Amino acid sequence: MEQQIRVRFAPSPTGYLHIGGARTALFNWLYAKHHGGTFVLRVEDTDLQRSTKEYEKAIPQGMKWLDMLWDEGIEMGGDYGPYRQTERIGLYRQYAQELIDKGYAYKCYCSPEELEAERNACLERGEDMPRYSGRCRELTLEQQAELEAEGRKPVIRFKVPENKQIVIHDSVRGDVIFDSSTIGGDFIIMKSDGMAAYNFAVVIDDALMKMTHVIRGEDHISNTPKQILIYEALGFALPQFAHISMILGKDRTKLSKRHGHTAVDKYETEGYLPEAIFNFLALLGWSPEGTEEILTKDQLIEQFSLERVAKNPAVFDVDKLKWMNNHYLREADLDRVTRLSLPHLVEAGFLDSEEIEDKKFNWLKGIVDLVRERVGCLKELPKEVKLFFTDEFGFETEEAEVIMQEETAPTVVRLFMQKLKELEMLEPPAIKKIFKAITKETGLKGKQVFMPVRVALTGQMHGPDMPEMICILGREKALQRMDRTLHSDKL
RNA sequence: GGCCCUAUGGUCAAGCGGUUAAGACACCGCCCUUUCACGGCGGUAACGGGGGUUCAAGUCCCCCUAGGGUCACCA
């Protein structure tokens with residue numbers, strides 16, 4: 001019987017769900033699902049200053065949007081709770097005391113100012129890495145009492161052994177070796193506010209929550225030796241580590257706000273489908289065995305493995321995301337896409353409100369269906385559908401103007417208008433027939449027929465399928481628009 | 001700067017000693033639809049440099065270079 005896999009995503013609620021965080025969560029999620037394991041969501045809110053309830057809500061929200069649900073954790077409960085670090089403080093204190101009792105840790109009374117001065121001194125001496133001197137290591141009980149009488153609040157530091165090799169057996173990187181003397185000296189495990197420090201809390205939680213694998217960003221790899229030291233001191237079994245590389249921006253630095261949108265909810269508001277983000281993120285740093293890149297959730301679960309996770313960082317390519325989103329946009333249920341389009345149409349001023357009656361909604365559906373294959377995200381919709389909402393237009397480009405200046409252009413447009421007027425039923429096939437007839441009658445080439453009509457209708461040289469477009473526009477409007485172009489003072 | 005990681009086209013990437021070095025996005029061309037788009041077909045484009053090891057190196061080793069990460073009472 002295979003060991004029950006347990007993995008977790010452990011964000012700190014100091015910001016919205018980030019693309020990088022979402023990818024880390026996704027890899028954990030896929031790994032758990034692939035092995036029939038458990039995916040835990042834990043909140044690391046030990047930074048009392050920066051953690052907020054708002055963010056703590058935003059992160060699960062983002063995960064739900066991506067349809068990446070957790071089996072255990074906040075909002076969900078489970079056998080290893082609580083799942084919020086601020087609620088686990090008793091545990092941390094207990095284990096910190098155990099470390100002190102066993103001689104692995106000690107109280108340190110240095111003030112932030114003193115430490116700052118010490119760091120600066122290190123730097124001035126030309127040392128490459130500032131490290132804590134360990135001056136409080138040998139304090140006697142009396143000295144500690146004295147310091148405390150001064151009103152000093154201690155932190156608890158872990159004693160880092162000298163010249164000890166610490167090796168991380170990493171699933172994606174292989175063995176990574178650190179020397180204990182390069183990790184910065186005795187580090188803090190309990191802060192003076194009584195809260196556990198990150199490197200301590202993760203270990204206690206991961207161990208107590210029985211995590212079998214810790215899959216997280218590469219930015220945590222330099223913390224890992226510290227954590228391993230704690231695992232060993234407490235006699236906890238090590239989880240299997242897997243450090244996945246960073247997601248980079250166009251300039252090849254770690255993805256951040258500077259690179260545009262990094263919060264997952266931004267992608268939601270810009271009109272990306274969660275299944276597109278899901279699929280795209282899965283392919284960032286992992287690749288399937290086959291060549292197919294459009295993969296369903298089930299396919300991803302089935303195919304995912306840590307062995308195929310890439311070691312090198314990946315640049316986030318919005319163009320490819322748009323291509324993929326476009327694919328899902330076309331595939332998605334039309335009612336859903338139309339509903340998601342509403343806010344963008346309101347934003348553009350084409351709609352007063354998202355509350356619209358069925359008749360208008362159905363009309364909108366036709367429009368959305370006509371243009372959804374042309375956009376990478378719904379935010380791009382307004383410029384594609386503008387012609388259905390306003391009759392104000394001019395020649396979009398000089399090229400378009402030139403089309404109308406063509407000798408045969410006005411003739412073609414007039415001919416088209418006339419035939420459109422005579423039409424009994426306004427429907428796409430009938431309009432198609434008109435184009436055919438004009439081509440035949442005039443002997444002109446397709447382009448010389450279609451283009452003038454398109455430009456006369458929209459001022460543009462590109463746009464959605466014309467027969468469909470004209471039907472949605474309606475006969476009167478179409479005629480009016482063409483007539484206006486014909487009388488443009490630019491001609 | 002110290003420590004750690006990484007290095008195949010512009011981007012994502014396959015490759016795990018012997019290949020004409022996949023595929024995708026983007027770009028370009030052709031075809032299709034008598035327009036635009038979709039779609040189909042094709043094209044441009046890569047193993048950072050230098051040493052080894054080997055009959056054979058994109059694949060293994062070393063050095064250099066470049067990029068990234070990290071050095072807090074933040075996580």
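Here the structure is a predicted model, which is why all the values come from computation and not from measurement. Below, read A as the first sequence line, B as the second, and so on, with proteins coming before strands; counting in each chain starts at 1. When reading the values below, keep in mind they use all heavy atoms of this one structure, side chains included, and skip hydrogens, waters and symmetry mates.
B:rA21 and B:rG29 are spaced 24 Å apart, taking the C1' atom of each and rounding to whole Å. Taking atom C1' on both B:rC63 and B:rA24, the two are 36 Å apart, rounded to the nearest angstrom. If you take atom P in B:rG17 and the same atom in B:rU59, they sit 12 Å apart, rounded to whole Å. Rounded to a whole angstrom, the distance from the C1' atom of B:rA13 to that of B:rA7 is 14 Å. B:rU8 and B:rC3 are spaced 28 Å apart, taking the C1' atom of each and rounding to whole Å. B:rC47 and B:rU34 have their C1' atoms separated by 47 Å, with the value rounded to a whole Å. Remark: the separation of the C1' atoms in B:rG58 and B:rG50 is 16 Å, to the nearest Å. Nucleotides B:rG67 and B:rG40 place their P atoms 40 Å apart, quoted to the nearest Å.
No contact: A:Thr14 has no heavy atom under 4.0 Å from any strand. Using a 4.0 Å heavy-atom cutoff across all strands shown, A:Leu284 reaches sugar-phosphate atoms only and no base atom. Residue-level contact check: A:Gly217 touches neither bases nor backbone, having no heavy atom under 4.0 Å from any strand. Contact annotation for A:Ser192: base contact, defined as any heavy-atom pair under 4.0 Å involving a base atom. Across all strands, A:His243 comes closer than 4.0 Å to no nucleic acid atom at all (heavy-atom distances). Using a 4.0 Å heavy-atom criterion, one finds that A:Cys110 contacts the bases of the nucleic acid, with or without backbone contacts as well. Contact annotation for A:Arg330: backbone-only contact, meaning every heavy-atom pair under 4.0 Å involves sugar-phosphate atoms and none involves a base. As judged by a 4.0 angstrom heavy-atom cut-off over every strand, A:Thr46 is placed among residues touching the sugar-phosphate backbone only. Residue A:Val155 is in base contact, counting any heavy-atom pair closer than 4.0 Å across all strands shown. Heavy atoms of A:Arg216 sit nowhere under 4.0 angstrom from any nucleic acid atom.
Between the C1' atom of B:rC74 and the CD atom of A:Glu44 lies a distance of 11 Å, rounded to the nearest Å. In this entry the distance linking CZ of A:Arg157 with P of B:rA72 reads 11 Å, nearest Å. If you take CZ of A:Phe187 and C1' of B:rA75, they are 15 Å apart, rounded to a whole angstrom. Per the geometry, CD belonging to A:Glu331 stands 17 Å off P belonging to B:rC38, to the nearest Å. With rounding to whole Å, A:Trp323 atom CH2 is found 13 Å from B:rA13 atom C1'. The nearest whole Å value for the distance from the CD atom in A:Gln227 to the P atom in B:rU70 is 14 Å. We find that CG of A:Leu115 is positioned 6 Å from P of B:rC73, with the value rounded to whole Å. Between the C1' atom of B:rG2 and the CZ atom of A:Arg125 lies a distance of 15 Å, rounded to the nearest Å.
Residues forming a salt bridge (charged side-chain N to carboxylate O under 4.0 Å, His left out) with A:Asp205 (at least two apart in sequence, or on another chain): A:Arg42, A:Arg88. The salt bridge (charged side-chain N to carboxylate O under 4.0 Å, His left out) test applied to A:Arg135 returns A:Glu118, not counting sequence neighbours. Partners of A:Asp179 by side-chain hydrogen bond (donor to acceptor under 3.5 Å, both in side chains), not counting sequence neighbours, listed by chain and number: A:Ser181. For the salt bridge (charged side-chain N to carboxylate O under 4.0 Å, His left out) test, no residue two or more places apart in sequence or in another chain qualifies with A:Glu468. By the side-chain hydrogen bond (donor to acceptor under 3.5 Å, both in side chains) test, A:Tyr83 pairs with A:Glu72, sequence neighbours left out. Residues passing the side-chain hydrogen bond (donor to acceptor under 3.5 Å, both in side chains) test with A:Glu384 are A:Arg374, sequence neighbours excluded.
Under the 30°/60° scheme for interplanar angles, the aromatic rings of A:Tyr104 and A:Phe158 are found to lie parallel. A:Tyr267 and A:His261 have perpendicular rings, their planes meeting at more than 60° on a 0 to 90° scale where under 30° would count as parallel.
Of the possible donor and acceptor atoms, one in the side chain of A:Ser180 sits under 3.5 Å from a partner among the backbone N and O of A:Asn163. Formation of a donor-acceptor pair under 3.5 Å by the A:Arg152 side chain with backbone atoms of A:Tyr109 is found in this model. Between the side chain of A:His220 and the main chain of A:Gly217, no donor-acceptor pair closer than 3.5 Å is present. One N or O on the side chain of A:Thr485 and one on the backbone of A:Arg481 form a donor-acceptor pair closer than 3.5 Å. Between the side chain of A:Ser171 and the backbone N or O of A:Leu306 there is no donor-acceptor pair closer than 3.5 Å.
Applying the ring-ring contact (aromatic ring centres under 6.0 Å, His included) test to residues at least two apart or on different chains, the pairs with a partner in residues 395-420 of chain A are A:Phe416-A:Phe435. Note on residues 185-201 of chain A: pairs passing salt bridge (Lys or Arg N to Asp or Glu O under 4.0 Å), not counting sequence neighbours, are A:Arg137-A:Asp186.
Of the two residues contacting RNA chain B, namely A:Ala310 and A:Lys320, the nearest-nucleotide position lying further toward the 5' end is that of A:Ala310. Map A:Glu293 and A:Gly126 each onto its nearest nucleotide of RNA chain B; the residue landing nearer the 5' end is A:Gly126.
Listed by residue number, there are no residues of residues 376-388 of chain A with a heavy-atom contact under 4.0 Å to RNA chain B.
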What N/O pairs connect the protein and nucleotides 30-37 of chain B at under 3.5 Å? Give each pair on its own line.
unit_1: B:rU34; atom_1: O4; unit_2: A:Lys436; atom_2: O; d: 3.4
unit_1: B:rU35; atom_1: O2; unit_2: A:Arg454; atom_2: NE; d: 2.9
unit_1: B:rU35; atom_1: O2; unit_2: A:Arg454; atom_2: NH2; d: 2.8
unit_1: B:rU35; atom_1: N3; unit_2: A:Arg454; atom_2: NH2; d: 3.3
unit_1: B:rU35; atom_1: O4; unit_2: A:Asp465; atom_2: OD1; d: 3.4
unit_1: B:rC36; atom_1: O2'; unit_2: A:Gly463; atom_2: N; d: 3.4
unit_1: B:rC36; atom_1: O2; unit_2: A:Gly463; atom_2: O; d: 2.6
unit_1: B:rA37; atom_1: O4'; unit_2: A:Arg374; atom_2: NH1; d: 3.3
unit_1: B:rA37; atom_1: N3; unit_2: A:Glu373; atom_2: OE2; d: 3.4

Which pairs, protein N/O on one side and nucleotides 3-10 of chain B N/O on the other, fall under 3.5 Å?
unit_1: B:rC5; atom_1: O2'; unit_2: A:Arg173; atom_2: NH1; d: 2.4
unit_1: B:rC5; atom_1: O2'; unit_2: A:Glu218; atom_2: OE2; d: 2.8

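Taking a pair as Watson-Crick or G-U wobble with both distances under 3.5 Å, the runs of three or more consecutive pairs in RNA chain B are B:1-7 with B:65-71, B:10-12 with B:23-25, B:27-31 with B:39-43, B:48-52 with B:60-64.
At a cut-off of 3.5 angstrom, the base of B:rA75 holds at least one donor-acceptor pair with the side chain of A:Asn223. Evaluation of atom-type donor-acceptor distances gives no pair under 3.5 Å for the side chain of A:Glu127 against the base of B:rG2.
Applying side chain to side chain contact (heavy atoms under 4.5 Å, CB included) to A:Asp206 and the options A:Val202, A:Leu208, A:Val203 leaves one that passes, A:Val202.
Figure legend: cation-pi geometry between A:Arg157 and A:Phe187 absent, as NZ or CZ is not positioned both under 6.0 Å from the six-membered ring centre and within 45° of its axis.
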